Number of protein chains: 2
Amino acid sequence: MDFEKENSAGYLVNHMARLFAKELQHHIAPLGIVVGQFPVLLELWLKDGVTQKDLLAKIDVEQATLANTLNRMERDGLIKRTKNPADARAQLIWLTEKARALRESSYEAAQAVNTKALQVLSVSERTQFTDSMRRVIEGLRSG
Amino acid sequence: MDFEKENSAGYLVNHMARLFAKELQHHIAPLGIVVGQFPVLLELWLKDGVTQKDLLAKIDVEQATLANTLNRMERDGLIKRTKNPADARAQLIWLTEKARALRESSYEAAQAVNTKALQVLSVSERTQFTDSMRRVIEGLRSG
DNA sequence: TATTATTGCATAGCTTGCTATTCAAGTGTA
DNA sequence: TACACTTGAATAGCAAGCTATGCAATAATA
């Protein structure tokens, strides 16, 4: 058989993801946050005072990955945790003021990265591209 | 500002890359290799007896990342290194027979993952999709 | 109600990626 | 030829992902 990496979707996806992450890293480093914290912050900016399990239902990472990320976020002063009156196993996760203040500039950073990355595509191609990604993700997730 | 992660190229790219990697991992685990070794093997199957620098020119990862991956591959009996008569700093990297034997089944595994992932797209969409990825990668790499 | 099962998280240990730094070997030059 | 510069690779240290496992609190049941 023959194999051309430049024609392999998986190879390209991996490469592209690393470039996106690097680009985002550069944009958000000045804000004092790192890429892995981004998905968590996105959810908490919408609604905080939630449990780890609640977050897990919204972010497709393993529970252990999220637990470690939350620990680093607490260490970095981005979140605080309080007792959950309803269940002593779970705690409630809250944004700190510091994290709350980063919302707008973080959105702008992410948009800037997306804009820069997609500028090589026409407007219709961009729509088609993100649509394809959503479908591929859905397909892989559902087995 | 508002931010919809399901519309964010970066968010989707990251998610998709993790799903691809997980899928490939499942396919190649029986072969005794792991995902990070894949790009290195692809190059060495084409041509071995090369230096780390040669590999680096073909794979877009940092030098330190490659050095660590090569160490694990040596540990796992996939490569051997010999003295480079032309330069004592660099060694020549060779596939072991074990690694050489994995070529066809690895290609098949990768193709299977790509096929499965892209099955939700029409044939013309697949072409368009990989083409867009190549252009996005090129755009991000060239600044 | 005592026991068992489930659930929510934490921890251990690994890979793969990054940046920054170090070091030895090779190259160029005063 | 000695010194400085460059280059090829290794190492340290961290983040972010994974699987596997453990543990305490809660829920379900005999």
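Computed from heavy atoms alone, side chains included, the values below leave out hydrogens, waters and symmetry copies. Source: prediction; values computed, not measured. Per chain, numbering begins at 1; letters A, B, ... match sequence-line order.
- If you take CG of B/L66 and C1' of D/dT11, they are 15 Å apart, rounded to a whole angstrom.
- The side chain of A/T65 places an N or O atom within less than 4.0 Å of a non-bridging phosphate oxygen (OP1 or OP2) of D/dC18.
- Under a 4.0 Å N-O distance rule, the pair A/E97/A/R100 qualifies as a salt bridge.
- The residue among A/N14 and A/A90 whose nearest nucleotide of DNA chain C lies closer to the 5′ end is A/A90.
- Taking atom CD1 on A/I59 and atom C1' on D/dG17, their separation rounds to 14 Å, with Å as the unit.
- In this structure, the side chain of A/Q52 does not engage the main chain of A/A90 through any donor-acceptor pair within 3.5 Å.
- Note: NZ (B/K83) to C1' (D/dG8) measures 16 Å, nearest angstrom.
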Go through it in stages, so that I can follow the logic: the residues are B/R89 and B/N84, the test is side chain to side chain donor-acceptor pair (under 3.5 Å), and I'd like the CA-CA distance, side-chain angles, deciding distance and then a yes or no. CA-CA 8 Å; B/R89 291 169 301 180; B/N84 181 355; over 6 Å; no
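- Residue-to-nucleotide proximity on DNA chain C shows that, of B/Q63 and B/R72, the 5′-proximal contact is made by B/R72.
- Per the geometry, CE belonging to A/M73 stands 14 Å off P belonging to C/dA10, to the nearest Å.
- Comparing atom distances between the A/R18 side chain and each of D/dC18, C/dG17, D/dG17 picks out C/dG17 as nearest.
- By the salt bridge (charged side-chain N to carboxylate O under 4.0 Å, His left out) test, B/D54 is found to be paired with no residue, residues two or more places apart in sequence or in another chain being considered.
- Contact between the side-chain N/O atoms of B/R75 and the OP1/OP2 oxygens of C/dT15 is found at a separation under 4.0 Å.
- Within the 3.5 Å criterion, the main-chain N or O of A/N71 finds no donor-acceptor partner in the side chain of A/E74.
- Atom pair A/Q25:CD and C/dT19:P shows a separation of 9 Å (rounding to whole Å applied).
- Side chain of B/Q91, nearest nucleotide from D/dA10, C/dC18, D/dT26: D/dA10.
- The base of D/dT26 lies outside donor-acceptor range of the side chain of A/R89, with no N or O pair under 3.5 Å.
- Between the NE2 atom of B/H15 and the C1' atom of D/dA16 there is a distance of 15 Å, rounded to whole Å.
- Heavy-atom nearest nucleotides on DNA chain D were determined for A/V61 and for A/D87, and the one closer to the 5' end corresponds to A/V61.
- A straight line from CG of B/L24 to P of C/dT16 spans 11 Å, rounded to a whole angstrom.
- Between C/dG17, D/dA9, C/dA10, one nucleotide has an atom nearer to the side chain of B/K53 than all others, and that is D/dA9.
- For D/dA10, one of the phosphate oxygens OP1 or OP2 lies less than 4.0 angstrom from a side-chain nitrogen or oxygen of B/R81.
- For B/A64, counting side-chain heavy atoms from C-beta on, the closest listed nucleotide (D/dC18, D/dT11, C/dT11) is D/dT11.
- Side-chain N/O atoms of A/Q52 include one lying less than 4.0 angstrom from OP1 or OP2 on C/dA10.
- A donor-acceptor distance shorter than 3.5 angstrom exists from the side chain of B/R135 to the backbone of A/V120, with no hydrogens or angles considered.
- Counting non-hydrogen atoms under 4.0 angstrom, A/T51 reaches the backbone sugars and phosphates but no base.
- For B/E62 and C/dT19, the CD to P distance is 4 Å, given to the nearest whole Å.
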